[in-house]
Amino acid sequence: MITIKREGIILEATHLDFENEGVINPAVIVAGGEIHMFYRAVQVGNISSIGYCRLDNPLKVVYRQKKPILYPEFDYESHGMEDPRIVKIEDTYYMTYTAYDGDNAVGALAISKDLRQFTRIGRITSPIVYPQFIEWLKNDKHPHSEKYFRLYNKRQAATQMGKQLYLLDKDLVLFPSKMNGKFLFLHRIRPDIQSISIDKMEDLTLNFWKDYYSNFNSHIFFKHHYNHESSYIGAGCPPIEVEEGWLMIYHGVYDTPEGYVYSVCAALLNKDDPSVEIARLPYPLLKPQKDYEIQGVVNHVCFPTGAIIWGDRLYIYYGAADKCIACASVPVRDLIDELLKYKK
């Protein structure tokens, strides 16, 4: 069993209004020899925006912006911009995040050329309600896990005021390079991770989604398997390309009498076809153990959203108990060697 090193808390809440409740779940990217962190900043009342800080090494913050770099402006994100992830493809940075309007949590996208000015593309996951999801699934000849029909997905179609209640679709993560010339996204409708492959964002039409859900089984990218991920899983950090394939850091969740426990998990995917699983750890890479991971706004949470390779180590940044941002690291070679012990 591999041992991961906890580097401790990297960022905590401040007295500033936009982040006085907590700072969690950051997007992290290396550019210009520096580490750029875009984090979910939560103010009292659970309204989230995107804060920004810069590090000159994986553990040292040297600049922290006193205002959000992105804050809710549109109806679909009116109650929060949550859990960003970021990648660079060609000359453009793509930031995915969960947009929350008080009732719906959906995947959204913003792009930038310079990591300072971002243009919102808008919501890009499916704007469909649960009854429509079920109706389209009937066209798929393959059986589906009964977990897709449980209460967490089984929402009413609309509020009493007539506002549509979409199928919850979170953890939107983009691969950092195109696959066969196409954008490859991961997203999560519980309990598994699904994938979306498109030429351009404009392809995400209602007809696209009808065909997608009518062949839903073929889009299930990664399934939960071990005890520590027995409730559900979700995409975590953007996958990192290594010589052996794609290193995927994701979160696994299992239920206990005290509630859900969120752990950091690791898998290795085929370089040419990432839907092919080469190996995954049969145990959590990191699970809640420290006080700052066990007790917070939501207890027992290690929620990874950003990872970088710096030198010979992998640094994983995660939200701890929905209260602060922490980091853990492990030698890249050691992690890959450990994963390869569990090849499928």
Side-chain angles (χ1 to χ4, degrees), residues 9-28 37-53 61 64-86 95-110 118 120 122-123 125 127 151-153 155-156 158-172 188 190 234 251 253 258-262 288 291-306 317-326:
I9 296 172
I10 301 298
L11 215 63
E12 296 184 90
T14 70
H15 67 280
L16 297 172
D17 288 345
F18 78 99
E19 58 180 21
N20 55 10
E21 179 72 17
V23 294
I24 55 176
N25 308 351
V28 182
M37 179 180 287
F38 301 85
Y39 58 90
R40 177 180 170 186
V42 188
Q43 71 179 66
V44 172
N46 194 32
I47 305 296
S48 297
S49 57
I50 307 297
Y52 170 78
C53 68
V61 175
R64 185 170 180 176
Q65 193 161 293
K66 294 184 178 180
K67 293 182 179 180
I69 196 165
L70 285 166
Y71 55 87
E73 292 184 352
F74 297 97
D75 287 345
Y76 65 87
E77 61 188 20
S78 58
H79 281 244
M81 304 175 69
E82 304 176 354
D83 307 346
R85 282 85 161 183
I86 195 165
M95 180 188 290
T96 54
Y97 62 96
T98 296
Y100 181 54
D101 68 1
D103 295 297
N104 294 305
V106 297
L109 174 67
F118 284 84
R120 287 168 171 82
R123 180 183 60 213
T125 53
L151 187 60
Y152 44 65
N153 287 330
R155 310 178 81 203
Q156 293 180 339
T159 67
Q160 291 184 341
M161 301 298 292
K163 178 182 178 181
Q164 284 195 314
L165 295 176
Y166 300 133
L167 187 68
L168 294 179
D169 197 343
K170 303 179 72 175
D171 298 321
L172 184 64
R188 199 281 311 282
R190 289 188 191 180
H251 68 264
V253 185
E258 290 76 37
Y260 286 130
V261 175
Y262 286 71
D291 288 345
Y292 58 84
E293 300 163 344
I294 293 173
Q295 294 184 330
V297 176
V298 180
N299 297 336
H300 303 285
V301 172
C302 294
F303 192 85
T305 48
Y317 299 87
Y318 61 98
D322 270 16
K323 189 69 174 177
C324 62
I325 293 169

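These numbers were taken from a predicted model, which means no experiment stands behind them.
Residue pairs meeting the salt bridge (Lys or Arg N to Asp or Glu O under 4.0 Å) criterion with at least one member in residues 9-21, sequence neighbours excluded, are Glu19-Arg64. Listed by first and then second residue, the salt bridge (Lys or Arg N to Asp or Glu O under 4.0 Å) pairs involving residues 96-108 are Asp101-Lys163, Asp103-Lys163 (not counting sequence neighbours).
Applying the salt bridge (charged side-chain N to carboxylate O under 4.0 Å, His left out) test to Arg40 and every residue at least two apart in sequence or in another chain returns Glu82, Asp83. Annotation: side-chain hydrogen bond (donor to acceptor under 3.5 Å, both in side chains) contacts of Gln43 (sequence neighbours excluded): none. For Tyr260, the ring pair (Phe, Tyr, Trp, His ring centres under 6.0 Å) test picks out Tyr232, with sequence neighbours left out. Remark: Arg123 pairs with Val106, Thr125, Pro127, Tyr166 by the side-chain contact (heavy atoms from CB on, under 4.5 Å) rule, at least two apart or across chains. With sequence neighbours excluded, no residue forms a side-chain hydrogen bond (donor to acceptor under 3.5 Å, both in side chains) with Tyr292. Looking at residues two or more places apart in sequence or on another chain, you find a side-chain hydrogen bond (donor to acceptor under 3.5 Å, both in side chains) between Asp169 and His187. In terms of the side-chain contact (heavy atoms from CB on, under 4.5 Å) criterion, residue partners of Ala108 (sequence neighbours excluded) are, by chain and number, Tyr76, Tyr97, Ala99. Listed by chain and residue number, nothing satisfies the side-chain contact (heavy atoms from CB on, under 4.5 Å) test with Ala13 (two or more places apart in sequence, or in another chain). Looking at residues two or more places apart in sequence or on another chain, you find a side-chain contact (heavy atoms from CB on, under 4.5 Å) between Leu70 and Ile50, Met81, Met95, Phe118, Arg120.
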Intermediate values then yes/no, side chain to side chain contact (heavy atoms under 4.5 Å, CB included), Val28 and Ile86: CA-CA 7 Å; Val28 182; Ile86 195 165; over 6 Å; no
Working for side chain to side chain contact (heavy atoms under 4.5 Å, CB included), residues Asp171 and Phe303: CA-CA 11 Å; Asp171 298 321; Phe303 192 85; 3.5 Å; yes
Full working for side chain to side chain contact (heavy atoms under 4.5 Å, CB included) between Cys53 and Leu11: CA-CA 9 Å; Cys53 68; Leu11 215 63; 4.0 Å; yes
Stepwise side chain to side chain contact (heavy atoms under 4.5 Å, CB included) test for Phe18 and Ser49: CA-CA 7 Å; Phe18 78 99; Ser49 57; 3.7 Å; yes
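At a threshold of 4.5 Å between non-hydrogen side-chain atoms, the residues Arg155 and Asn104 count as touching. The closest side-chain heavy-atom distance from Val301 to Pro288 is not below 4.5 Å.
The local environment of CD in Gln65 is crowded, with over 12 non-hydrogen atoms from other residues, nucleotides or ligands closer than 6.0 Å.
Between the side chain of Thr96 and the main chain of Leu172, a donor-acceptor pair closer than 3.5 Å is present. Between the side chain of Thr98 and the backbone N or O of Lys170 there is no donor-acceptor pair closer than 3.5 Å.
Rounded to the nearest 0.5 Å, atoms CD1 (Ile10) and OH (Tyr318) are 9.0 Å apart.
Counting all heavy atoms, side chain and backbone alike, Met37 lies closest to Pro26 at CG-CB, 3.6 Å. Nearest heavy-atom pair, Tyr39 versus Tyr52, reported as atom, atom and distance to 0.1 Å: CE2-N, 3.4 Å. A pairwise comparison of heavy atoms in Glu293 and Cys302 identifies CD-SG, 3.7 Å as the closest pair.
Taking the six-membered ring where tryptophan is involved, the planes of Tyr100 and His79 are perpendicular, since the angle between them exceeds 60° and thus also 30°.
For the pairing with Asp322, the side-chain contact (heavy atoms from CB on, under 4.5 Å) check across Asn46, Val42, Ile24 returns one residue only, Ile24.
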